[in-house]
Amino acid sequence: MRPFDNPFKRGLAEGRRQAGLWMTTGSPGITELAAGAGFAWMLIDMEHSPNDLIQVVDHLRAAEGGTAEPVVRVPWNEPVMVKRLLDQGARSLMFPFVQNAEEARRAVAATRYPPHGIRGFAGTSRATGYGLRPDYHARSADEVCVVVQVETKEALEAAGEIAAVEGVDGVFIGPNDLAASMGHLGQPGAAPVREAIAGALPRIRAAGKAAGLLNFNESGARADFEAGFGFVAVAGDAFLLACETQRVAKLFNT
């Protein structure tokens with residue numbers, strides 16, 4: 001089990017650049033391989049991927065010993081799955097489709113024990129080392145990392161207020177859903193979309209929080225880091241596998 005420390009959360013607070021990998025294939029084997037590749041974080045997806053709770057636990061185990069912090073994207077901003085994931089040892093969560101500060105506060109509350117939130121108490125969960133980490137509950141708020149996704153024009157307009165919510169560690173802009181909400185379905189690089197993203201970035205940073213983005217284009221991802229984004233998903237397991245398998249196949253079919 002990983003030491004009780006969260007370098008990804010620390011990196012967000014310290015303003016370090018952290019490159020990540022977007023994991024959507026549902027394969028713990030690929031997670032194990034990628035965890036030690038040198039990335040700072042990896043997204044384990046439950047929103048658009050086939051992972052269920054048991055599979056996520058397999059991913060968490062597969063990532064142990066690697067450099068990449070597993071960030072689990074929950075299916076929705078609701079407390080039951082959040083509680084179960086935290087009990088199984090997830091300590092970094094991404095909440096999709098957060099539209100305003102109140103929804104961000106609900107996300108944070110789901111990760112905190114009373115009186116600061118609504119998370120239920122479990123004494124012998126995987127997160128507690130099956131009861132062998134007696135200080136887990138007292139320290140969990142300092143270790144659990146909360147990232148919220150803003151994915152519509154309305155959410156980007158509220159990005160400053162969302163980022164200012166206590167307990168939010170990072171705000172991740174979802175470029176594809178943002179593009180769809182702005183009438184540019186499948187065109188996250190459209191000029192109006194990029195302008196909206198650029199406009200939200202300083203509001204997030206002004207609240208003292210890290211801003212995140214997804215960009216699988218190498219030069220584009222480097223430019224996003226230079227612009228001030230703190231954590232960027234620079235590639236994905238399915239994307240890399242698809243590109244490389246096609247490249248190798250073409251070598252032998254021409």
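Residues take their numbers from the sequence shown, with the count starting at 1. The analysis underlying the following values was restricted to heavy atoms, covering all of them including side chains, and did not include hydrogens, waters or symmetry mates.
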Is there side-chain contact between Val74 and Met46, with heavy atoms separated by less than 4.5 Å? no
Side chains of Ser125 and Tyr130: does their closest heavy-atom pair fall under 4.5 Å? no
Does one hydrophobic cluster hold both Phe239 and Ile44, with members joined at side-chain heavy-atom distances below 4.5 Å? yes
Have Asn217 and Ser219 got a donor and an acceptor in their side chains that come within less than 3.5 Å? yes
I want to check something: taking the side chain as every heavy atom from C-beta on, are Phe95 and Trp76 in contact at a cut-off of under 4.5 Å? no
Do Leu60 and Thr31 touch side chain to side chain, with heavy atoms closer than 4.5 Å? no
Counting only heavy atoms not in Glu166, do more than 12 sit closer than 6.0 Å to its CD atom? no
Whether Arg61 and Glu64 form a salt bridge (side-chain N of Lys/Arg under 4.0 Å from carboxylate O of Asp/Glu) is what I want to check. no
In terms of side-chain geometry, is the basic nitrogen of Arg222 or Glu218 positioned less than 4.0 Å from the acidic oxygen of its partner? yes
When you look at CZ of Arg84, are more than 12 heavy atoms from neighbouring residues, nucleotides or ligands closer to it than 6.0 Å? no
Would Asp142 and Lys9 pass as an ion pair if we require N to O under 4.0 Å? no
When you compare the side chain of Val71 with that of Cys145, does any pair of heavy atoms fall below 4.5 Å? no
Against Asp5, only a single residue in Arg91, Arg139, Arg10 fulfils salt bridge (charged side-chain N to carboxylate O under 4.0 Å, His left out); can you say which? Arg10
When you look at CZ of Arg203, are more than 12 heavy atoms from neighbouring residues, nucleotides or ligands closer to it than 6.0 Å? yes
Below 4.5 Å, heavy atoms only, C-beta onward: do Met94 and Val146 meet side chain to side chain? no
Are Glu78 and Lys83 ion-paired here, with the side-chain N under 4.0 Å from a carboxylate O? no
Distance-only polar pair, side chains of Asp237 and Thr25, donor-acceptor under 3.5 Å: yes
Tell me whether Leu241 at atom CG has more than 12 heavy atoms from other residues, nucleotides or ligands lying less than 6.0 Å away. yes
Has the side chain of Lys209 got a donor or acceptor atom that lies under 3.5 Å from a matching backbone atom of Gly170? no
Backbone N/O of Ala122 and side chain of His137: donor-acceptor pair under 3.5 Å: yes
Glu195 vs Lys153, test: salt bridge (charged side-chain N to carboxylate O under 4.0 Å, His left out). Steps then yes/no. CA-CA 11 Å; Glu195 289 170 7; Lys153 186 176 180 181; over 6 Å; no
If you measure only the distance, is there a donor-acceptor pair under 3.5 Å linking the side chains of Gln99 and Thr152? yes
Taking the six-membered ring where the residue is Trp, are the ring centres of Trp22 and Phe231 under 6.0 Å apart? no
Any side-chain heavy atom of Arg17 within less than 4.5 Å of one from Glu226? yes
